[in-house]
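The next block holds one structure in the form of structure tokens; read it before the comments.
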Amino acid sequence: MKAAGNASTGDWDIVITAKDKLLSFDFKELFQYRDLIKLLIRRDFVAVYKQTILGPLWFLFHPIMSTIVYMFVFGNIAKIGTDNIPRPLFYFSGTMLWTFFATTLQKSSDTFIVNAPIYGKVYFPRFSMPIVYAVNSFFTLAIQFVCLLAIYVVYLVSGYSFHPSWWLLATPILVLQTALLSLGIGIMVSALTTRYRDFRNLIHFGLQMMMYVTPVVYPMSEVPARLKPLVMLNPLTPVMELFRHALLGGGEGNLTLWAVSLVETAAVFWLGMRVFNHNERTFIDVV
Amino acid sequence: MAAIIQVEGVSKEYRLGVIGNGSLYKDFQSWMAKIRGKEDPWTKIGAVSKFGKRDRFWALKDVSFEVEAGDRLGIIGRNGAGKSTLLKILSRITAPTAGTIRMRGRLASLLEVGTGFHQELTGRENIYLNGAILGMTKADIDRNFDEIVAFSEIESEFIDTPVKRYSSGMYVRLAFAVAAHLTSEILVADEVLAVGDAKFQDKCLGKMRDVSLNQGRTVLFVSHNIGALAKLCNKGILLEHGTLTATGEAAEVIRIYENSLENN
Ligand SMILES: Nc1ncnc2c1ncn2[C@@H]1O[C@H](COP(=O)(O)OP(=O)(O)OP(=O)(O)O)[C@@H](O)[C@H]1O
Ligand SMILES: [Mg+2]
């Protein structure tokens, strides 16, 4: 940091130009604002839970209820298999990763509209907000993960044996990939919604459609052959399959499919950043 | 002294009226109508702006000036002259349509007090949050924390109470106190002093003057309050319809401005 008044030496610190540079993303600046990002994460967290009695336990309510409903609907009525993974674990793990994806996407798709009042008054890296959303949904995921472990232990104690694989080491990457994919789509939509509010309504519907082509309530092995390509096109599919395979065994780890989905994720995220960075420069003029 | 801010040929164009129809479906209908040579079904009746058929408008036209470190620059002009637009571009809230701006050090913008304050958080938490939003690091705030609380004149037992329990005066004071202790080299303020009570306003003006004189901080200040401008600023620029028409000593620019008001 430079001392005040020491302005006669050195280069310029801030240069503002009319055109945005392609591929310009300032990670250094984001790092400089790390204290702010931490405080914003805390603010969002506290704002939601300061006034509830159960606090963070609410994070468990949704996946537990979903798991019970899925066990009944997809397990007992539709009788869809679960790759020999106990149903509660199968549905709970699927719901938890899906919720992480969907929440991050939904929150980040509102970035510009929700934050317009603050973006209009002060500058800080605009991408801080989507990061805050992703980190907060990650906390939820972490709490749910503890709950998953608890169910896991119950099964172990009652004599059930699991076969987790070396893929276990890849789970942090899988979670990160899920985050990047949802952020990429989310910030792209957030830029589009400043022009067309319609996209906001489409998000809910789009997510619902996407859940059907993601192996959340069914494993890949239960998908009819002619529908397989459709499900596999979805970059989240290998992530979901591998996530379960890593934690619970069952299914298989397909390296090729994963590699393709990693490339897709990178492309989506890059495109999202492009659109976001372009939009952040003047969106405030038109909201 | 060298320039700390260099503004070179900055222009800003705004689009007027409703941009698009805000809905994909309506834009699509307008577009279809255009292709078939029909009248746009979404054209508003009587929606001819005062700028005639043009739907674009230059809020700033080729503005260039320099600010030296330690200057307190008053930006003067009538309503709609482009003062806030200029500050927004300097603050990186919106990008210019043309031109370049170069700056040394960090810039904190006070276009409003208490940006980012959250009702559920305590006074202490809000000081940290607001300070960080305005570009301070945690260490900066730690160092200035006691001074900020003292400046706000809020009793210490309230500092750990959520700000939703504050009176509106306390709230504004706390927000000002943070603003008054910003550590950035450049401070940009747009009519923010209009809210506090007169005594507190004076205190803030005095503080801004102080930091500029004693610590070499640069202040850019927009106000319609000629008294406040004269008290705080040593330099001034005058904007008229987006064009820069005078620069120089604050007193001189204020005089030109007042003359132009009388002649109209
Ligand atoms: N987002 C926008 N879209 C279109 N026009 C805008 C926008 N923001 C400002 N303008 C126009 O640009 C011109 C300059 O506005 P600006 O807010 O900079 O004026 P100002 O000098 O700050 O005036 P005041 O003293 O009233 O605050 C005005 O005519 C205003 O209507
Ligand atoms: Mg203004």
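Per chain, numbering begins at 1; letters A, B, ... match sequence-line order. Side-chain atoms are counted along with the backbone in the values below, which use heavy atoms only and exclude waters and symmetry mates. This is a predicted model, so every value here is computed, not measured.
The environment of CZ in Phe158(B) is sparse: at most 12 heavy-atom neighbours from other residues, nucleotides or ligands sit within 6.0 Å. The environment of Phe145(B) atom CZ is dense: over 12 non-hydrogen atoms of other residues, nucleotides or ligands sit within 6.0 angstrom.
Looking at heavy atoms from C-beta onward, Ile133(B) lies in side-chain contact with Ile118(A) at the 4.5 angstrom threshold. Here the side chains of Leu121(B) and Arg43(A) are in contact, with some heavy-atom distance below 4.5 Å.
The structure places NZ of Lys38(A) at 13.5 Å from CG of Leu129(B), a figure rounded to the nearest 0.5 Å. Arg92(B) CZ to Tyr123(A) OH: the interatomic distance, rounded to the nearest 0.5 Å, is 4.5 Å. Between the CH2 atom in Trp12(A) and the CZ atom in Arg104(B) there is a gap of 4.0 Å [rounded to 0.5 Å]. Considering CD1 of Ile14(A) and CD1 of Ile186(B), their distance stands at 6.5 Å, rounded to 0.5 Å. In this structure, CZ in Arg106(B) is found 9.0 Å from CD in Gln32(A), a value given to the nearest 0.5 Å.
Neither the backbone nor the side chain of Gln119(B) comes within less than 4.5 Å of any heavy atom in chain A. Tyr128(B) touches chain A through backbone and side chain together, each having a heavy atom under 4.5 Å away. For Thr97(B), the part lying near chain A is the backbone, with the side chain staying farther off; criterion is any non-hydrogen pair under 4.5 Å. For Arg34(A), no part sits under 4.5 Å from any heavy atom of chain B, backbone or side chain. At a 4.5 Å heavy-atom cutoff, the contact between Leu40(A) and chain B is made by backbone and side-chain atoms alike. Neither the backbone nor the side chain of Leu110(B) comes within less than 4.5 Å of any heavy atom of chain A. Of the two parts of Ser109(B), the backbone and the side chain both hold a non-hydrogen atom closer than 4.5 Å to a non-hydrogen atom of chain A.
Counting heavy-atom pairs closer than 4.5 Å to chain A, the top residue among Gly116(B), Gly131(B), Ala108(B) is Gly116(B). Of the listed residues (Leu107(B), Leu87(B), Thr85(B), Ile101(B)), the greatest number of heavy-atom pairs within a distance under 4.5 Å of chain A belongs to Ile101(B). Between chain A and the residues Lys88(B), Glu125(B), Glu8(B), Arg102(B), the most heavy-atom pairs under 4.5 angstrom are made by Arg102(B).
Taking a cutoff of 4.0 Å between a charged side-chain nitrogen and a carboxylate oxygen, Asp285(A) and Lys12(B) qualify as a salt bridge.
What you find for Leu90(B) and Ile16(A) is that their closest heavy atoms are O-CD1, 3.8 Å. Among all heavy-atom pairs drawn from Ile93(B) and Ile284(A), the shortest one is O-CG2, 3.6 Å.
In this structure a side-chain-to-backbone donor-acceptor pair under 3.5 Å is present from Asp35(A) to Lys138(B).
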Would you mind writing out the side-chain donor-acceptor pairs for residues 199-211 of chain A within the sub-3.5 Å range, not counting sequence neighbours?
residue	atom	partner	partner atom	Å
Arg200(A)	NE	Asp110(A)	OD1	2.9
Arg200(A)	NH2	Asp110(A)	OD2	3.4

